[in-house]
Amino acid sequence: MKKKKNLMIQKPKMLIVEDKAVNRFVLKSIFEEDYTIAECPDGRAAIEILGEERDAVAVVLLDIVMPVCDGFAVLEYMKKTALDTVPVILISSNVDDNNIQKAYEYDVVDYIQKPFQENVVRQRVQRVVALYQSKREKDTYEQA
């Protein structure tokens, strides 16, 4: 948690779902100052975390090609369990147009190609999270 003017501020949670440890390390190092990071090496572990912490996750960085359970299975789970309000950013070296199109059909909000360019990744993720937080606040205000 960060301290700001003697107040404890809870960092938003980011879920990084990536089978390669080096890629998880790179992404974690980019975002660990601003987010509480949860890491998963495959989709099955991601589904478990999403099931347990569904309201705590602010953004998911999701690889598509993984052993055990791929990214599309995670997207299907999120759709079936009404977790499709959590923004998902696809991270992949697989630039296959069919996979990208299929991911967008699951309402993936952005696509980041590996290898990562730190400044680009940081800016794109920050913009997506800010947009979704603003929308949630607006929706909460309108419901009150």
Indicate the atoms forming the closest heavy-atom contact of [X] with [Y], along with that distance.
X: Val60; Y: Val57; result: CG2-CG1, 3.8 Å
X: Pro12; Y: Ala58; result: CB-CB, 3.7 Å
X: Gly71; Y: Leu62; result: O-CD2, 3.6 Å
X: Val17; Y: Ala46; result: CG2-CB, 3.6 Å
X: Glu33; Y: Lys11; result: O-CD, 3.4 Å

Provide the full list of side-chain hydrogen bond (donor to acceptor under 3.5 Å, both in side chains) pairs with a residue in residues 78-93, sequence neighbours left out, each pair given once.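 Every pair satisfying side-chain hydrogen bond (donor to acceptor under 3.5 Å, both in side chains) with a residue in residues 78-93: there are none.
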Please collect all salt bridge (Lys or Arg N to Asp or Glu O under 4.0 Å) contacts where either partner lies in residues 104-121, sequence neighbours excluded, each pair once.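 As it turns out, the salt bridge (Lys or Arg N to Asp or Glu O under 4.0 Å) pairs with a partner in residues 104-121, which skip direct neighbours, are Glu18-Lys114, Asp63-Lys114, Asp110-Arg124, Glu118-Arg122.
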Applying salt bridge (Lys or Arg N to Asp or Glu O under 4.0 Å) as the test, list every pair that has at least one member in residues 41-61; sequence neighbours left out. Lys13-Glu53
Pairwise side-chain contact, Val74 with Ile47, heavy-atom cut-off 4.5 Å (strictly under):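 They are in contact (side-chain heavy atoms under 4.5 Å apart), so the answer is yes.
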Share the residues that join Val125 in a hydrophobic cluster, the rule being Ile, Leu, Val, Met, Phe, Trp or Tyr side chains under 4.5 Å apart at the heavy-atom level. Met14, Ile16, Val26, Leu27, Ile30, Phe31, Tyr35, Ile37, Val59, Leu61, Ile89, Ile91, Val109, Ile112, Phe116, Val121, Val128, Val129, Tyr132
Members sharing Phe25's hydrophobic cluster (side chains within less than 4.5 Å): none
If you group Ile, Leu, Val, Met, Phe, Trp and Tyr by side-chain heavy-atom gaps below 4.5 Å, do Leu50 and Val68 land in one group?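 No, separate clusters.
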Co-membership, hydrophobic cluster, residues Leu131 and Val86, 4.5 Å side-chain: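 They do not share one cluster, since no chain of ILVMFWY contacts under 4.5 Å joins Leu131 to Val86.
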In Å, rounded to the nearest 0.5 Å, how long is the span from CG of Asp70 to CG of Leu75?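 It comes to 8.5 Å.
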Contacts of Gln117 that satisfy side chain to side chain contact (heavy atoms under 4.5 Å, CB included) - sequence neighbours left out: Val120
My understanding is that only residues two or more places apart in sequence, or in another chain, count here; which of them pass side chain to side chain donor-acceptor pair (under 3.5 Å) with Tyr106? Glu76
